Amino acid sequence: MKELRYEQIQETIYTETLDNGLEVFLLSKPEMAKTYGVFTTNYGSIDQTFTPLGGDEHVKVPEGIAHFLEHKMFEKEDRDVFQDFTKKGASANAFTSFTKTAYLFTATSQVDDNVKTLLDFVQDPYFSKESVDKEKGIIGQEIRMYDDQPDWQAFFGTIQSMYHEHPVKVDIAGTIDSINQITKDDLYSCYETFYHPSNMILFVAGNFDVQAMMDLIRSNQQAKEFPPIPEIDRSYPEEPAHVAVREDSIEMPVTRAKSLVGLKEKVTHLSGKELLQSELLSSMILDYYFSKSGAFYEELYERDLIDDSFHFETELDRQFGFTILGGDTRQPDELARRVKEMLHQLKEEKIGKEDFERMKRKKIGQFVRSLNSMEFIANQFSHYHVLGVDLFEVLPEIEKLTVADAEQFLEHWVKDDQISVFQVLPQKEQVS
Amino acid sequence: MELSNEKVYQKQGYRLHILPSKKYKTINVVAKFKAPIKRQSITERALLPQVLQKATNQHPNIRSLQSAFEDLYGMALSSDGTKKGESHVISFRMEVVNEAFLKDNAPILDQALQLFNEVLFSPKAENGAFDEKIVEREKQTLEQKIRSIKDDKMNYANMRLIDHMCEGEPYSLHVHGYLDDLATITPQTLHTYYQKFIEQDLLDVYVIGDFDEAEIEQSVDEYFTRPTSDNEDVPAQSTSSPVESVNEVTEREELNQGKLHIGFRTFTHFGDEDYYALQIFNGLFGGFPSSKLFENVREKHSLAYYAASRFESHKGLLLVFSGIDPNDYEQAKTIILEQLQAMKEGRFTEEEVAETREQVINQLLETMDSAQGLIEILYHKILSHGDMTLDDLMKGIKNVTHDQVVKVADKIELDTIYFLTSNEQGGEEA
């Protein structure tokens with residue numbers, strides 16, 4: 001077991017890679033009542049085409065299958081796993097993202113039993129035709145719920161306008177049609193390919209004895225057999241650098257239009273450090289110009305082009321990356337036009353040294369604040385680890401950034417053919 | 001284990017609650033202003049916090065105020081307004097990084113408290129009026145918020161359920177206010193209301209984090225100065241009269257998923273002897289994935305992705321939510337009501353009661369691990385005028401019996417069945 005000490009934030013991480021390849025990270029927080037455990041596989045909605053374990057050619061599985069599999073892991077032949085946690089005073093949940101599927105619990109007692117339950121249920125799949133069919137009704141309603149959420153439709157619509165081929169454009173839950181094609185054999189095939197311990201991370205944070213916890217996890221894993229597997233062969237389509245559609249829109253029953261601008265990132269398979277630096281710089285730069293203290297925000301606000309719903313976010317991964325800015329507006333076209341201009345203008349703007357120091361202070365503050373949440377630490381640490389980034393090195397990385405780094409980043413960031421606009425427009429009056 | 005080291009001090013015009021804790025890397029300060037819910041002030045109370053957060057006399061526009069926050073390592077400030085029983089509570093929440101985690105140990109806490117004080121007690125105003133431009137702009141924003149409640153179908157259905165169920169009761173008033181009233185608000189009238197608010201609301205200030213208690217008390221004392229102590233308090237609980245007849249309402253909108261939201265009266269409030277039993281009741285009925293609603297509506301019949309219940313313990317309401325196919329209305333309604341009947345008849349085991357006690361305790365302990373969560377739990381005491389400690393709460397829950405859950409279930413009465421469905425299909429014909 002290795003000990004990693006981070007002085008400035010006063011945290012220690014204990015880590016070990018087990019014989020079967022599982023990477024374990026423990027963070028002791030004795031002052032907390034609860035323990036949070038999250039068991040993550042490096043497998044998400046974009047992993048649609050791959051060579052199944054034991055197979056010799058690529059297969060393409062139905063959209064939404066990683067999320068469907070996440071739902072089905074909780075059901076066993078004789079019981080529902082939620083009950084196993086319930087009996088031990090814990091609560092459990094799971095989520096699926098573009099690149100990850102994560103199973104988690106929180107508990108304030110019987111932590112050892114709950115960690116075992118977490119490991120055991122994720123490593124013991126049971127799928128039957130009946131239970132797969134039953135789940136289609138439940139997930140169908142989950143999809144319907146999202147169909148009625150204009151903000152979600154705007155977000156995914158923007159991603160779809162940016163991407164030609166890449167499966168990041170597919171809604172994580174899939175569609176009613178695609179989930180109806182899912183079979184129990186598909187689920188087993190995905191499970192066997194992606195749920196091997198060597199493709200997974202376990203992070204436990206909270207109130208427990210570190211040595212005893214590591215022993216428990218090690219012996220739990222040693223009692224199970226996982227034959228070694230070859231490296232997973234995943235395939236992603238060629239994705240052009242430019243956006244798929246420059247402008248697109250849908251109509252929904254909303255009182256005010258939503259107008260979002262998407263900026264597609266060039267994917268250059270960055271190293272962990274480079275990826276982190278890009279992520280930090282893009283969020284700090286957007287914040288500087290487009291948060292409430294920013295010059296661009298002020299102009300958009302003064303011209304009544306935006307309201308409190310205005311927001312921006314960046315998502316960067318090895319496979320894809322994008323930034324989305326926008327919100328509700330009276331003038332969807334004018335907002336989009338001006339935001340696009342502003343993005344182009346960034347290259348010419350000069351950031352003063354003092355302002356840059358303030359940007360760094362704000363970012364440091366945000367980061368330290370987020371460390372109050374064990375869920376944030378565990379989830380983000382796992383996410384970054386796969387990308388080759390150490391979450392607890394973020395603080396020194398921010399401190400190191402200079403104005404020159406920002407200028408260099410801006411030099412290559414915004415290209416016209418990498419920008420798209422997506423709008424959700426109010427329905428036209430219907431004649432009844 | 002000690003659940004909290006809350007110390008309460010009566011200060012000039014407010015109560016100060018100091019909560020030393022080593023759990024956090026930040027200091028959180030929450031100021032809670034409480035007044036009765038009234039139609040004549042609810043719109044002003046929705047607008048006011050937004051205006052206050054935009055500019056102060058020292059930082060006279062959004063950019064300069066926001067830049068001041070950023071200088072303090074991104075001090076965070078937010079506000080919200082909620083209904084609790086017969087009370088309306090405006091909370092201002094401030095969070096700032098604990099200096100111990102900064103490289104230069106920059107002394108930012110005092111400056112943050114000073115800024116927070118400016119926002120609350122020294123907003124930008126002249127000659128008895130707020131800044132006209134800011135007020136106009138925030139009025140527009142609020143107007144849009146009111147108009148767009150419908151865009152979020154789940155929230156909209158919640159609001160409509162309460163509209164129908166609590167018609168004529170203060171609790172049915174909308175937290176975002178009303179368009180008619182909004183139109184009449186001016187920078188002068190809003191400022192007049194602000195002065196009343198500052199003088200008359202009951203104010204509680206919570207400070208939580210890793211600090212020296214004496215120092216923090218002194219700092220808050222220095223920066224929090226309130227002109228008055230003449231505060232108006234609100235009766236602790238509402239009284240509900242027995243339900244005369246069940247109200248069944250179907251409304252139609254353009255949507256894919258129907259929202260079936262059902263309201264019940266519990267006749268049980270925070271601080272009552274059977275409050276603990278209500279907690280366990282809710283856990284068994286619809287509070288957890290192991291509950292009857294989740295098991296039957298979702299797992300057994302695949303009718304919904306979510307089917308859950310929660311209770312409002314100051315008003316005495318139990319609310320059920322589920323999102324279903326418009327055509328499944330009758331079936332889902334029947335199954336939900338059957339689950340309540342099963343609870344009333346005691347169709348759950350001793351073992352399930354024991355497990356639910358553990359789950360509720362787990363949930364409370366988890367909530368107390370978060371600074372905001374702990375403050376919310378402690379504030380129930382203020383709302384209920386009670387003296388229940390966190391230890392009482394835990395002990396009360398640990399002692400709930402099967403019999404007590406049946407008794408509390410038996411008091412619950414169905415009031416309103418509300419269904420928001422699509423224009424084309426589902427639900428009762430009007």
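Lettering of chains follows the sequences in order, A, B, ..., and the numbering in each one begins at 1. The structure displayed is predicted, hence computed values, not measured ones.
Residue with the most contacts toward chain A among B/D152, B/T356, B/D325, B/I361: B/D325 (heavy-atom pairs, distance under 4.5 Å). For the options A/D287, A/I143, A/D151, A/T106, heavy-atom pairs under 4.5 Å to chain B are most numerous at A/T106. Most heavy-atom pairs under 4.5 Å with chain B, from the set A/G140, A/A90, A/S131, A/G89: that is A/G89. Ranked by heavy-atom pairs under 4.5 Å with chain B, the first of A/D307, A/D355, A/V254, A/L395 is A/V254. Per-residue heavy-atom pair counts under 4.5 Å with chain A were compared for B/R357, B/E358, B/E355, and the maximum is reached by B/E355. The greatest number of non-hydrogen atom pairs below 4.5 Å with chain A, out of B/D71, B/V97, B/L255, is found for B/D71. Put simply, of A/M374, A/R369, A/Q83, the one with the most heavy-atom pairs under 4.5 Å next to chain B is A/R369. Per-residue counts of heavy-atom pairs under 4.5 Å with chain B were compared for A/E75, A/M359, A/K363, A/M145; the largest is that of A/M145. Heavy-atom pairs under 4.5 Å with chain A were tallied for B/L303, B/I324, B/V360; the largest tally goes to B/I324. Comparing B/Q140, B/H301, B/E70, B/E351 by heavy-atom pairs within less than 4.5 Å of chain A, the highest count is held by B/E70. Contact count against chain B (heavy-atom pairs under 4.5 Å) is highest for A/A295 among A/S373, A/A295, A/A92, A/S309. Counting heavy-atom pairs closer than 4.5 Å to chain A, the top residue among B/K150, B/Q257, B/M368 is B/Q257.
For the atom pair CD of A/E375 and OG of A/S370, the computed distance is 12.0 Å after rounding to the nearest 0.5 Å.
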Could you go through the side chain to side chain contact (heavy atoms under 4.5 Å, CB included) check for B/S79 and B/Q50 one step at a time?
CA-CA 8 Å; B/S79 70; B/Q50 302 312 319; 3.7 Å; yes
Show, in sequence, the C-alpha distance, side-chain angles and deciding distance for A/N207 and A/V111, and conclude whether the side chain to side chain contact (heavy atoms under 4.5 Å, CB included) test is met.
CA-CA 8 Å; A/N207 194 342; A/V111 170; over 6 Å; no
Is there a side chain to side chain contact (heavy atoms under 4.5 Å, CB included) between B/F69 and B/L115 once you walk through the steps?
CA-CA 8 Å; B/F69 294 158; B/L115 261 185; 3.5 Å; yes
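For the pair A/F392/A/I377, a side-chain contact is recorded, criterion being any heavy-atom separation below 4.5 Å from C-beta on.
Contacts between residues 59-66 of chain B and chain A, counted as heavy-atom pairs separated by less than 4.5 Å, involve B/I62, B/R63, B/Q66.
Using a 4.5 Å cut-off between heavy atoms, A/D80 contacts chain B through its side chain alone, with no backbone atom that close. Residue contact with chain B, scored on non-hydrogen atoms closer than 4.5 Å, involves the side chain of A/S291 exclusively. With a 4.5 Å cut-off on non-hydrogen atoms, B/E253 does not touch chain A at all. Neither the backbone nor the side chain of B/E352 comes within less than 4.5 Å of any heavy atom of chain A. For B/D369, the parts sitting under 4.5 Å from any heavy atom of chain A are the backbone and the side chain alike. With a 4.5 Å cut-off on non-hydrogen atoms, B/L72 does not touch chain A at all. Residue contact with chain B, scored on non-hydrogen atoms closer than 4.5 Å, involves the side chain of A/E399 exclusively. Heavy-atom distances place both the backbone and the side chain of B/E299 under 4.5 Å from chain A. B/M154 touches chain A through its side chain: at least one heavy atom from C-beta onward sits under 4.5 Å away, while N, CA, C and O do not. With a threshold of 4.5 angstrom between heavy atoms, B/K23 approaches chain A through its backbone and through its side chain. Of the two parts of A/E298, only the side chain, counted from C-beta on, holds a non-hydrogen atom closer than 4.5 Å to a non-hydrogen atom of chain B. For A/Y36, no part lies under 4.5 angstrom from a heavy atom of chain B. The contact between B/F294 and chain A is made entirely by side chain atoms (from C-beta outward), counting heavy-atom distances below 4.5 Å. With a threshold of 4.5 angstrom between heavy atoms, A/E142 approaches chain B through its backbone and through its side chain. Only the side chain of B/T141 comes within less than 4.5 Å of a heavy atom of chain A; its backbone N, CA, C and O stay farther away.
With sequence neighbours excluded, the residues forming a ring-ring contact (aromatic ring centres under 6.0 Å, His included) with B/F348 are B/H402, listed by chain and number. By the side chain to side chain contact (heavy atoms under 4.5 Å, CB included) test, B/K25 pairs with A/I9, A/E11, A/K29, A/V368, A/L371, A/N372, B/F101, sequence neighbours left out. Every residue meeting the ring-ring contact (aromatic ring centres under 6.0 Å, His included) condition with B/F321, not counting sequence neighbours, appears here in chain and number order: B/H261.
The aromatic rings of A/F367 and A/F376 sit perpendicular, their planes meeting at an angle over 60°, well past the 30° parallel limit. The aromatic rings of A/F121 and A/F74 are tilted relative to each other, their planes meeting at an angle between 30° and 60°. Ring geometry for A/F155 versus A/W152: interplanar angle of 30 to 60°, hence tilted.
For the 3.5 Å distance criterion, the side chains of B/Q372 and B/N28 qualify, holding a donor opposite an acceptor. Between the side chains of B/E138 and B/Q53, no donor-acceptor pair of N or O atoms lies under 3.5 Å. Neither side chain, A/S109 nor B/N362, offers a donor N or O lying under 3.5 Å from an acceptor on the other.
Salt bridge present: A/D84 and A/R79 bring a charged side-chain N and a carboxylate O closer than 4.0 Å. One finds a salt bridge joining A/D113 and A/K88 here, because a Lys/Arg side-chain nitrogen approaches an Asp/Glu carboxylate oxygen to under 4.0 Å.
Formation of a donor-acceptor pair under 3.5 Å by the A/E397 side chain with backbone atoms of A/E393 is not found in this model. B/R93 contributes no side-chain N or O that, together with a main-chain N or O of B/D80, makes up a donor-acceptor pair within less than 3.5 Å.
Atom CD of A/E357 sits in a crowded spot, with more than 12 heavy atoms from other residues, nucleotides or ligands closer than 6.0 Å.
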